[in-house]
Structure formats: structure tokens, C-alpha cells
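Accompanying notes for the structure given below.
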There are 2 protein chains.
Amino acid sequence: MIPSTTLNLSGNRFTVWYRLSGTKDEAQTKADNICLEQTVEFPYALIPDGPIRDHIIGKIESFDSIDDHQHLVKISYAIETTAFELTQTLNVIYGNISLIPGIRVEGLELPGEYLRNFQGPRFGRDGLRQLLNIPKRPLLCTALKPMGLSAKQLGEIAYQLALGGLDIIKDDHGLSNQPFAPFQERVRYCVEGVERANRQTGKQSIYMPNITAPAERVFENALFAKENGAGGLLISPGLTGFDIIRQIAIDPNIKLPIFSHPTFLGSMINSPDNGIAHNVIFGQLTRLAGADATIFPNYGGRFSFSLEECQKIVTGTTIPMGQIKTIFPVPGGGMSLARINDMLQVYGNDVVLLIGGDLHRHGPDLTENCRIFKTTVESLI
Amino acid sequence: MIPSTTLNLSGNRFTVWYRLSGTKDEAQTKADNICLEQTVEFPYALIPDGPIRDHIIGKIESFDSIDDHQHLVKISYAIETTAFELTQTLNVIYGNISLIPGIRVEGLELPGEYLRNFQGPRFGRDGLRQLLNIPKRPLLCTALKPMGLSAKQLGEIAYQLALGGLDIIKDDHGLSNQPFAPFQERVRYCVEGVERANRQTGKQSIYMPNITAPAERVFENALFAKENGAGGLLISPGLTGFDIIRQIAIDPNIKLPIFSHPTFLGSMINSPDNGIAHNVIFGQLTRLAGADATIFPNYGGRFSFSLEECQKIVTGTTIPMGQIKTIFPVPGGGMSLARINDMLQVYGNDVVLLIGGDLHRHGPDLTENCRIFKTTVESLI
């Protein structure tokens with residue numbers, strides 16, 4: 001038996017909805033185990049009566065069977081179990097139980113007392129619109145590709161893309177610090193290319209480098225990008241951990257919008273009965289971390305997301321979360337000019353439209369293709 | 001069409017084995033797509049003849065059907081695509097394609113020319129044995145629990161555990177910086193408890209705090225732990241990103257053994273046709289990052305790993321990887337004293353035996369239970 005203890009807790013709890021696979025009995029046992037596994041990881045019988053039993057161990061708030069093999073359980077946890085850290089929050093939500101098949105996080109509700117410890121996105125939807133001076137229309141984005149070109153060549157492509165009037169020219173997420181296009185050299189050439197185009201167009205396109213890097217260099221990359229004229233930052237939290245987004249978003253020396261890329265996070269969603277649902281991982285958690293926009297594969301592209309899953313992500317970008325700002329959905333992944341109308345029907349104007357390779361495919365003049373992208377959008381809204 | 005380019009590549013490539021689900025035709029298309037998606041993310045037809053086509057795009061080295069619905073494809077990538085970064089290496093191995101169901105990474109082969117950019121574990125199996133002065137027998141480990149106790153109470157339990165002769169007393173992975181047991185206070189109390197026990201026993205148990213934390217604090221936690229007498233570090237790379245292990249492992253001011261915890265990584269393995277196989281994620285990649293030991297759920301415990309999956313992890317800890325040292329497997333998760341014999345049969349002596357809650361359950365005297373753990377192991381080897 002462990003010693004008894006006293007705890008000074010606020011009484012505030014946050015809530016996670018889990019969908020559990022199995023018979024009702026199996027799911028009830030699973031729910032009990034989640035309450036222990038995600039908190040004390042200790043045999044219930046050995047914990048004395050008192051505040052650990054009463055408040056630290058997760059509490060089943062409701063249990064409903066969807067059908068014979070699926071059940072929805074709502075479990076609450078004391079907010080203090082998270083230490084008000086994003087890392088430990090992820091750990092309580094889906095840490096050890098990620099190792100048990102048949103548990104999927106479907107929903108998340110965080111109270112204001114928890115959320116006030118987080119700043120969330122610095123810009124969010126409204127801030128990004130203000131920054132880019134685009135009050136209403138969808139934002140237009142593309143990716144610099146392909147890996148293998150030199151920094152100078154990528155800078156020239158960035159120039160052509162910005163000349164065509166696109167708002168955001170981001171690095172492809174696979175460009176990191178390869179010897180043929182090193183990060184710092186790439187930032188210099190691409191910023192130069194975009195600024196040259198801006199002088200010609202009078203517009204304010206921004207270049208957004210991929211700062212995803214080894215642990216000791218992500219923050220350094222962000223500072224270098226800021227100091228050298230980049231207008232935003234791309235990060236892949238699956239590779240770096242989600243919390244680095246928060247660190248960069250709150251830093252007073254950086255103050256750049258952050259786009260989150262979904263690479264390496266697919267195993268969270270590609271099995272229907274495991275992982276963390278689209279709205280939570282690509283919506284709420286990305287937003288809590290502090291990204292201003294969340295990139296995800298649009299339905300009907302090279303990837304497998306359904307329309308409904310994409311709509312759930314949009315819900316996650318706007319669902320009330322205390323003072324945490326709403327963020328932009330950025331559907332991409334095999335998008336084409338031919339699909340703009342369809343995308344606008346689904347997403348409305350509060351979207352960043354991301355078209356990559358297809359901008360090169362549309363015709364021989366890349367700048368002209370960008371203009372077509374822009375005029376197509378303007379004609380449809 | 002993008003411009004042609006020249007590339008100064010070494011010609012060295014690394015290899016990934018993917019198991020693909022679907023018909024043979026579907027799998028062949030999938031394999032072609034992987035080669036593009038993980039590198040150029042660009043339409044093949046728009047890439048001119050030259051080094052990007054010839055060397056940057058992934059190459060299918062072999063394709064074999066396991067049965068009508070499963071196929072094993074071996075794809076090689078130029079080592080330069082990784083920028084010799086762990087983050088970008090993960091991105092090439094399983095980045096965007098993680099978002100496509102039915103692709104599982106089954107094997108990984110990294111050539112010496114790539115590996116020489118990584119130090120890997122500072123200690124590894126031999127180094128950890130030397131450090132702890134345990135030449136042959138299994139290492140004995142337990143976890144400080146439960147969440148909710150104060151730092152002082154955890155320090156007292158650490159004392160009792162070390163007095164019983166256990167080698168490694170690690171924090172439970174859910175202890176981070178909660179208000180009831182803040183990190184720095186916990187490190188001080190637990191180091192004091194373990195050192196007090198060591199003075200009585202004449203042995204050298206170590207305390208291993210969990211340094212998993214927000215991005216700007218992980219490294220700081222490691223330094224604090226080192227400066228305050230901790231003997232090792234616990235990190236959860238699913239929460240922090242794998243690369244932080246590397247940063248800490250190579251740091252000349254820290255020089256402590258690192259144990260990796262599998263929390264939040266479960267979705268990599270809990271769907272049989274998706275993710276990254278046990279031997280790669282918990283073996284090779286954890287080792288490449290620089291952990292000296294890899295914790296994973298033992299077969300037959302609270303989790304669902306099979307004996308075969310656990311054996312594959314062990315293979316991943318020893319498979320030749322250039323100069324990268326071998327590391328310890330640490331099976332845990334619901335282990336009990338009654339299972340020691342079985343575990344020794346499976347893992348032999350080169351294992352860290354991790355028993356948590358059951359040490360509290362075995363009898364009323366925690367120190368005595370630790371002695372039983374140790375004498376049981378000694379009687380069986």
C-alpha cells in the first residue's frame with residue numbers, strides 16, 4: 001500500500017471521448033483500464049482511499065454503446081495531471097493506451113482553466129488575413145518543388161510563383177537541409193525571389209520555409225528565417241513533436257505565422273479503430289500547439305481522407321476553445337485547378353487553397369498558371 | 001517542366017522494405033507512388049531526364065508478393081535525401097505515405113556512409129554494464145509511482161526500492177512537472193533517497209528522472225538532472241520527437257544513459273497493415289536516435305505485443321548498424337515476479353527487467369519485495 005497524501009487540486013477536469021472496440025463487457029474493462037493507465041499506472045487496490053483515488057485516476061463520466069462492437073466512453077481527468085504541458089497532455093489523452101488496439105480518441109474538451117495556460121496561434125484566421133491584407137477571399141498557397149533543385153533554382157521558381165500573385169509560397173515539406181539546397185541558402189534565394197516579384201506586382205506574397213530540423217536547430221531555423229525576411233514558417237510536428245510549434249509561436253522575436261504539415265502523423269488516423277480522430281489531431285491539438293493553419297490531404301486527392309473527415313478537421317479549427325483563436329484549414333495533396341469550384345463549395349472562403357504539382361502541369365508558363373489559379377478563385381467567390 | 005540540374009551525390013543509398021496491402025496491380029502502383037511521394041512529390045512526367053529522375057526519386061529494387069493481398073517491396077533512396085538528419089530520415093522513410101492506408105515499414109538498412117553522421121547511443125549495452133558495474137546478469141529496473149504522491153513521498157519510495165538492491169529506479173513516464181511533485185523537487189528528493197540507500201548497501205543504484213517536457217525544457221531538465229546527481233534519463237520520443245534523444249546523447253555536459261519510453265507511439269504498431277514494424281521503430285530508430293535502452297510492453301502483460309513482436313524488437317537492438325552500439329531491450333508493462341523465469345528464457349541475460357506495480361503487490365514490505373526480485377533473478381541465471 002502506498003502512503004496517503006493530500007492534494008491541492010482545482011477541481012477542474014478535462015474530457016476525452018474514446019471509441020472502444022469489442023463487446024460491451026470488454027469495452028467496460030477497457031474503459032476502467034484507461035482511467036488507471038493514463039494516470040497512476042498502478043493497481044487500484046493498492047491505492048488508499050483519498051485524493052489519488054478520488055481525483056487523479058480518470059473518471060468514467062458516461063458510457064454508451066454505438067452498436068454491439070463499438071462503444072463511446074467519456075472520461076475526465078484532473079487538469080493538474082497534464083502539468084499544463086502540451087507533451088504531458090498528449091500523454092494523458094493517448095499515451096500508453098496508444099499501445100492497446102481498439103481505442104480511438106474521438107473528442108476532446110478542455111476547460112478555460114486549462115486553456116488559459118496556452119497562447120495558441122499568434123495570428124489565427126483573422127490575424128493571418130490582416131497580415132496578408134486579404135479580408136475575405138480564400139488564401140492561395142503553393143509548394144516549392146521538387147527536391148533535387150538547387151537553392152538558386154528554387155529561388156527562381158519562388159519568383160515565378162509570386163509573380164503570378166499567389167499569397168503563400170511554402171517549401172515542400174521534404175526540403176530540409178540537403179546538400180544541394182541548404183536551408184540558409186534556400187531561404188536567402190527564395191526570399192529574394194519573392195521580394196523581387198513583390199516589387200513588380202506591388203503585392204505582398206510571403207515565402208514560408210520548412211524549419212523542420214534536428215532538435216537543436218528548429219528554433220535557430222525559425223530565427224534565421226525571421227531575420228532574413230521569410231513571412232511564415234512550415235513545421236511538421238510528427239517529426240519534431242507538437243510542442244515546438246508552441247515554443248516558436250509564443251516567441252516575441254519570431255512572430256511569424258506557422259503552418260503545420262501532417263507528414264509522419266498518418267498512423268494516427270489510417271486505422272479506423274485506433275489513433276486520434278482527424279478533428280482532434282489535425283484540428284484541436286494543432287491549434288492548441290499554436291499553428292495558424294493546418295495542412296491536411298483533401299478528399300479525392302492522392303490520399304484517402306473522406307469528405308466527412310475533412311469537414312471534421314474544419315470543425316476542429318473552429319470549435320470553441322476558450323481564448324484560443326480559430327485557424328485556417330489547408331486542404332492539399334494532389335489538388336488541381338479543376339477542383340477549385342468543388343473545394344470552395346465545401347470549404348467556403350475561410351480556407352487556404354494549396355495546389356502544388358498541378359500548377360506546373362497546367363501549361364508551360366508557371367506564372368501564367370498562378371494567375372489562372374487566382375482569377376479562377378476570384379471568379380468563383 | 002522544371003529546369004534541369006546537376007547534382008553531386010555520393011551514389012550511396014539506403015533501403016526500406018515496405019509491406020503493401022492490396023492486389024498486385026494496386027501494390028505496384030503504390031510502390032511507384034512511394035518513390036515519388038517520399039522524395040520529389042512531383043509529377044514524374046514533368047521532371048526532365050537527369051539526376052533528379054535518376055537518383056533523387058526512390059528506386060524499386062525488388063517486388064515480391066507474399067500472397068494475393070500482401071506484397072513486399074524494397075525501395076532505395078539516395079542518402080543525401082535525408083540531409084543526414086534524423087527528422088528528415090523519418091520523413092523519407094514514412095512521411096507523407098503514413099497518410100495512405102496499407103503501407104507498413106518492415107525493414108530498414110542504412111549504409112555506413114549514412115551512419116557515420118550519427119553517434120547513436122553513448123553507452124549501449126556494454127557501456128551501461130560498465131557504468132553500473134554489472135558484467136553479466138540482467139539489469140533490474142522499476143518505476144516510481146503513482147502520480148499524485150508528493151516529491152518527498154516519491155523520494156522515500158525511491159529509497160526503499162534502492163535499498164532492496166534494484167539497479168535502476170526510473171520515474172513513471174506520467175510524472176512530468178505536476179504541481180504536486182514538480183520536476184526539480186522530485187529529482188532532489190529521489191536522488192537523495194537513492195544515495196542514502198547506496199550508502200547503506202554499498203551498491204550503486206541510479207535514479208532516472210523523466211525529462212520529457214515542453215520543447216524548451218527537455219534539454220534543461222537533462223542538465224538539471226545531471227548536475228543534481230541523477231544517473232540516467234527517461235524520454236518519451238512519441239511526445240518530444242525522436243531527435244531530442246540524439247541531442248542529449250551527444251552532449252558532452254550530460255553523458256547519462258538514456259531510456260526511451262514507447263508512450264504515444266502505439267499507433268505506429270497497433271494496426272497490422274500500417275505504421276512501422278516493432279523492430280524498426282522500437283529497435284533501429286530508437287537506437288539510431290541514441291537511446292541506450294528501449295522500453296516496450298512485454299508479451300502477456302497489460303498490452304498486446306506478441307512474443308514474436310518482442311523478439312523482433314530484440315533483433316532491432318542488435319542488428320548490425322555500422323558503428324552504432326547495441327542497446328538493451330526493456331520489456332515491461334504489467335510484468336510480475338512470477339514471470340521472471342519465463343522472461344529470462346526469452347531474453348537471456350542481456351535485458352533490463354522492468355517490474356512496476358507488482359513490486360508493491362507482492363508483500364507489505366517494498367524493500368523486501370525488491371530483494372526477492374533480485375534473488376529470484378540471481379537464482380535463475
Side-chain angles (χ1 to χ4, degrees), chain A residues 2-3 5 7 39-43 46-47 52 56 80-81 83 85-88 90-91 94-96 98-101 145-150 153 172 174 176-180 212-216 239-241 243-244 247 262-264 266-268 270-271 274-275 297 303-304 357 360-361, chain B residues 2-3 5 7 39-43 46-47 52 56 80-81 83 85-88 90-91 94-96 98-101 145-150 153 172 174 176-180 212-216 239-241 243-244 247 262-264 266-268 270-271 274-275 297 303-304 357 360-361:
Chain A
I2 56 127
T5 193
L7 279 172
T39 56
V40 292
E41 265 199 271
F42 205 76
L46 298 183
I47 295 176
I52 296 182
I56 296 293
E80 287 83 359
T81 60
E85 298 169 337
L86 181 55
T87 39
Q88 174 60 11
L90 298 176
N91 201 25
Y94 190 62
N96 264 8
S98 72
L99 295 153
I100 299 172
K145 315 181 178 192
M147 182 194 291
L149 294 184
S150 69
Q153 290 175 316
D172 198 21
S176 64
N177 193 33
Q178 283 90 356
F180 36 83
T212 305
E216 66 272 42
L239 303 173
T240 61
D243 197 70
I244 190 79
Q247 186 192 359
T263 187
F264 207 67
S267 59
M268 285 292 172
N270 63 17
S271 163
N274 300 301
F303 300 89
S304 64
H360 295 259
R361 185 155 32 194
Chain B
I2 57 127
T5 193
L7 279 171
T39 55
V40 292
E41 266 199 270
F42 206 75
L46 299 183
I47 295 177
I52 296 182
I56 296 292
E80 288 83 359
T81 60
E85 298 168 337
L86 181 54
T87 39
Q88 174 60 10
L90 298 176
N91 201 26
Y94 189 62
N96 264 7
S98 72
L99 295 153
I100 300 172
K145 313 179 177 191
M147 182 195 292
L149 294 183
S150 69
Q153 289 176 315
D172 199 20
S176 64
N177 194 33
Q178 283 90 356
F180 36 82
T212 305
E216 66 272 42
L239 303 173
T240 61
D243 197 71
I244 190 78
Q247 186 192 359
T263 187
F264 207 68
S267 60
M268 285 291 172
N270 63 19
S271 163
N274 300 301
F303 300 88
S304 64
H360 295 259
R361 185 154 36 193

query: Side-chain donor-acceptor pair under 3.5 Å between Thr87(A) and Asp243(A), yes or no?
result: no

statement: Among Pro262(B), Ser176(B), Ser150(B), Pro214(B), the residue with the most heavy-atom pairs under 4.5 Å to chain A is Pro214(B)

query: Gln153(B) versus chain A, heavy atoms under 4.5 Å apart: side chain, backbone, both or neither?
result: side chain

- prompt: Of all of Asn177(B), Leu86(B), Ile47(B), which one pairs up most often with chain A through heavy atoms under 4.5 Å apart?
  reply: Asn177(B)

query: Closest heavy-atom contact between Gln178(A) and Glu80(B)?
result: CG-O, 3.2 Å

field: Pro3(B) side chain near Leu149(A) side chain, heavy-atom distance below 4.5 Å
entry: yes

statement: Interface check, chain B: of Gly357(A), Gly241(A), Ala215(A), most non-hydrogen pairs under 4.5 Å belong to Ala215(A)

- prompt: Can you name the residues that form a ring-ring contact (aromatic ring centres under 6.0 Å, His included) with Phe42(B), not counting sequence neighbours?
  reply: His360(A)

- prompt: Where does Leu46(B) contact chain A at under 4.5 Å (heavy atoms): side chain, backbone, both or neither?
  reply: side chain

Segment of Leu90(B) engaging chain A (4.5 angstrom heavy-atom cut-off): both

query: When only pairs under 4.5 Å are counted, which of Ile244(B), Asp172(B), Thr212(B) shares the most heavy-atom pairs with chain A?
result: Asp172(B)

- line: Comparing Ala83(A), Gly266(A), Ser98(A) against chain B, the one with the most heavy-atom pairs below 4.5 Å turns out to be Ser98(A)

field: Flag, side chain of Glu41(B) to backbone of Pro146(A), donor-acceptor distance under 3.5 Å
entry: no

- prompt: Taking every heavy-atom pair that is under 4.5 Å apart, which of Pro179(A), Gly95(A), Pro43(A) has the most such pairs with chain B?
  reply: Gly95(A)

- line: Given Ile56(B), Ile100(B), Asn274(B), the one with more heavy-atom pairs under 4.5 angstrom with chain A than any other is Asn274(B)

query: Short question: side chain of Gln88(A), backbone of Gly174(B) - any donor-acceptor pair under 3.5 Å?
result: yes

task: Determine the option with the most heavy-atom pairs under 4.5 angstrom with chain A, choosing from Phe180(B), Tyr94(B), Phe303(B).
output: Phe303(B)

- line: Max heavy-atom pairs within cutoff under 4.5 Å with chain A, candidates Pro101(B), Gly275(B), Gly148(B), Ser271(B), goes to Gly148(B)

message: Can you tell me which of Ile2(A), Asn96(A), Thr81(A), Thr39(A) forms the most heavy-atom pairs within a distance under 4.5 Å of chain B?
response: Asn96(A)

statement: Cut-off 4.5 Å, heavy atoms of chain A, and the answer for Pro297(B) is side chain

- request: Check whether Leu7(B) gets within reach of chain A through its side chain, its backbone, both or neither, counting any heavy atom under 4.5 Å.
  value: side chain

